[in-house]
Amino acid sequence: MGDWLVPALLTIITASTPLVFAAVGEVVVEKSGVLNLGIEGMMIVGAISAFAVGVTTGSATLAIFAGAIGGAAVAFIFGFLTLNLLANQVAAGLALTIFGLGFSALLGHGFVGKTFPGLPKLEIPIISEIPFIGPLLFGHDILVYGSVIIVISTTYMLNKTRVGLLIRAVGENHDAAHSIGYSVNKIRMACVLFGGAMAGLGGAYLSLAYTPLWVEGMTSGRGWIALALVVFASWKAWRAFLGAYLFGGITIIQLHAQGFGVEIAPEFLSMLPYLATIVVLVLISRDSSRAKLNAPACLGRSFHEAG
Amino acid sequence: MLRLELRGEMSQPMVYLSPIFAVILTFIAGIIMFTFLGVDPVKAIITFFITPLNSLDGLAELFVKATPLVLIAVGLSFGFQANIWNIGAEGQLTIGALAGGGVALLFFNVDTPFLMPAMLVSGVLGGMAWAAIPAILKTKCGTNEILTSLMLTYVGLLVLSYLIHGPWKDPDGQNFPESRLFHDAALIPIILDETRLHLGWIIALFGVAVAWVIMTRHMIGFQIRVIGLAPMAARFAGFKEKHIIWMTLMISGGAAGLAGTIEVSGPVGQIIPVISPGYGFTAIIVAFLGRLHPVGCLFAGLLMALTYLGGDNAQIEMNLPNAVTGVFQGMLLFFLLACDVLVRYRFRIGSLTKATGGANL
């Protein structure tokens, strides 16, 4: 059993990790009442920033930081437009995606065909060699562990800390939060930057570990799937984690199905993640009471001091 | 300190000035960007925006590229006004191209003047069918159309890939993933000799005129605007929201499908793996830049078409990556959104409490 199961599960982990980062970041953004549709753009800028720095310096650590900073930098453009200039969030998010795809292709022009050795694996002698559990729990790269830590700490932060309470307050009722003296837009900007950094890390994982190459448009819709995952997870970080693994699993089934002799055109299998997203969205939206109860009340609404 | 103050009403001059400011700012940002890339900015801007228009051929190409952009953007404007966000026009374009091109392949040996109209109708229906999926899901289940229409774009592109790698592959084509070349009856007529300018541009102009009539002179246009601006008022007035959802998605899907068919039967002439260089997404920018108004979309479509020509030209003449096109397009939308703040707000110097704090009490 272990022959194919362990490698399959390992590939599910690598396919899911980018989605975990992006979706958890967006959970925090949306909790603060901001709808950022530009995840795809932030991810791809993160991917090229990380790859460019990784190839140039040879340092995986610097590359990871560059990914987060790249994502946060373009998220700042979105934040400035929607929070300071009160632009329509849907349009600004779309602009971010279009800009990000073009900008990354421009930056990446000189990096096509280069390779990166990948992220170092954190092996622990002896324990890593325990059959089945060893390779599943140990021997991953730092970003895989990072994604799990981010999920746990974000869940804790949103539910148990004062910062989390503030984020939820500006997302549920920005006027009330403002009237008791909190700066709604500063809190939201911090969340947007966090979301950008997380999406950037997701992108960095793609270009540093998943396929350590630069390919134009290599995020191929993962940012949008992450957006759907946030609804799927009804704005809870740990559920976004489960959702990301569900979708990672579907992606891998699609890759392995042909190996098992399934006689079907590869295109139909490649449709699976997208079709699954639609099915999941339909299932959630049918249960409208649940979706509405959990959605932050101010989601997508700009805040202006004078009303 | 600078702060924003709500205007009493929307500033009409700013509605029209904002796109102009955005274009100027994009130029400035472009010059800065080229300087950073180590490229002579003046030469780059000229190569990008002037030389493509130097010849009759270049002007014809501008209209050829603008055709799908204008058609799709005009269609999308209806939905955007009603806050229905169909962002899957790229998928609807693809399925429309397959539906229209499919007719050409099905009647490959038939030479009749009815073939072209049949293809166009089939293309419209194909685009509508693809847009009907988000429409059904939104009206029946309340599913967000942004995500469903976008996911269907990826599915549509995979359907295209399947067909040209499988059943629709040219039997005499040395295994390239391409369909047969359409024969003459399936090619849209050229309206200017020695260029690629085809009848599709006239269709796009006609579409602009029809859309203008519907939007400004017809009850449907009025209902769409009311739903977008004041959903509660629209409900009280008895406007059926579901009708508007269907209507706007059918208009935008049909327009995208038509644009797709025109692409395969015009400039392309067969079904190939990449039918559109992202026209369906760029049309979103065109719609905003054109102020969601058909005539505005016409001018914005021409400007956006120029960014495609400029990107190609800069790649050939200056060896710049043609991704510069996407950067220009994204920057343009960013600047437009930034300038649009002045439609509803004005800048005031000084803090809020000093200016209005007392007066409001």
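Below, chain A is the first sequence line, B the second, and so on; all start at residue 1. Just so it is clear, the model here is predicted, and its values are computed rather than measured. All heavy atoms count here, side chains included; hydrogens, waters and symmetry mates do not.
- Between chain A and the residues Ile146(B), Asp340(B), Ile284(B), Val327(B), the most heavy-atom pairs under 4.5 angstrom are made by Val327(B).
- Of the listed residues (Gly41(A), Ala92(A), Ala91(A)), the one with the most heavy-atom contacts under 4.5 Å to chain B is Ala91(A).
- Contacts between Ser270(A) and chain B at a heavy-atom distance below 4.5 Å involve backbone atoms as well as side-chain atoms.
- Taking every heavy atom of both residues into account, Ala105(A) and Ala323(B) meet most closely at CB-CB, 3.2 Å.
- Residue contact with chain A, scored on non-hydrogen atoms closer than 4.5 Å, is absent for Phe335(B).
- Minimum interatomic distance between Val282(A) and Cys141(B) (heavy atoms only, all atoms of both residues): CG1-SG, 3.9 Å.
- When all heavy atoms are compared, the tightest approach of Leu158(B) to Glu267(A) is O-CG, 3.4 Å.
- Of the two parts of Ile87(B), only the side chain, counted from C-beta on, holds a non-hydrogen atom closer than 4.5 Å to a non-hydrogen atom of chain A.
- Taking OH of Tyr154(B) as the start and CD1 of Ile278(A) as the end, the distance is 12.0 Å to the nearest 0.5 Å.
- Chosen from Thr143(B), Thr148(B), Leu336(B), Val155(B), the residue pairing most often with chain A at heavy-atom distances under 4.5 Å is Thr143(B).
- Annotation: side chain of Phe334(B) is in contact with side chain of Leu81(A) (closest heavy-atom distance under 4.5 Å).
- Distance check, rounded to the nearest 0.5 Å: CG of Leu227(A) to CG of Leu147(B) gives 5.0 Å.
- For the atom pair CG of Leu333(B) and CG of Leu94(A), the computed distance is 7.5 Å after rounding to the nearest 0.5 Å.
- Contact count versus chain B (heavy atoms, under 4.5 Å) is highest, among Val90(A), Leu101(A), Thr277(A), Leu275(A), for Val90(A).
- To the nearest 0.5 Å, the span separating CG on Leu106(A) from CE on Met33(B) amounts to 6.0 Å.
- Of the two parts of Ser220(A), only the backbone, made up of N, CA, C and O, holds a non-hydrogen atom closer than 4.5 Å to a non-hydrogen atom of chain B.
- Looking at Leu150(B), only its side chain comes within 4.5 Å of chain A, counting heavy atoms on both sides.
- Note that CG of Leu281(A) and CG of Leu137(B) are 9.0 Å apart. Values are rounded to the nearest 0.5 Å.
- Residues Ala338(B) and Leu85(A) approach most closely at CB-CD1, 3.6 Å, considering heavy atoms.
- For the residue pair Val159(B) and Met271(A), the shortest heavy atom distance occurs at CG2-CE, 3.5 Å.
- The contact between Tyr162(B) and chain A is made by backbone and side chain atoms together, counting heavy-atom distances below 4.5 Å.
- Judged purely by atom type and a 3.5 angstrom limit, His109(A) has no side-chain atom pairing as donor or acceptor with the backbone of Leu320(B).
- Annotation: side chain of Met151(B) is in contact with side chain of Ile225(A) (closest heavy-atom distance under 4.5 Å).
- Residue contact with chain B, scored on non-hydrogen atoms closer than 4.5 Å, involves the side chain of Ile77(A) exclusively.
- Rounding to the nearest 0.5 Å gives a distance of 11.5 Å between CZ of Phe99(A) and CD1 of Ile285(B).
- When Phe78(A), Phe103(A), Trp224(A) are compared by the number of non-hydrogen pairs under 4.5 Å with chain B, Trp224(A) comes out ahead.
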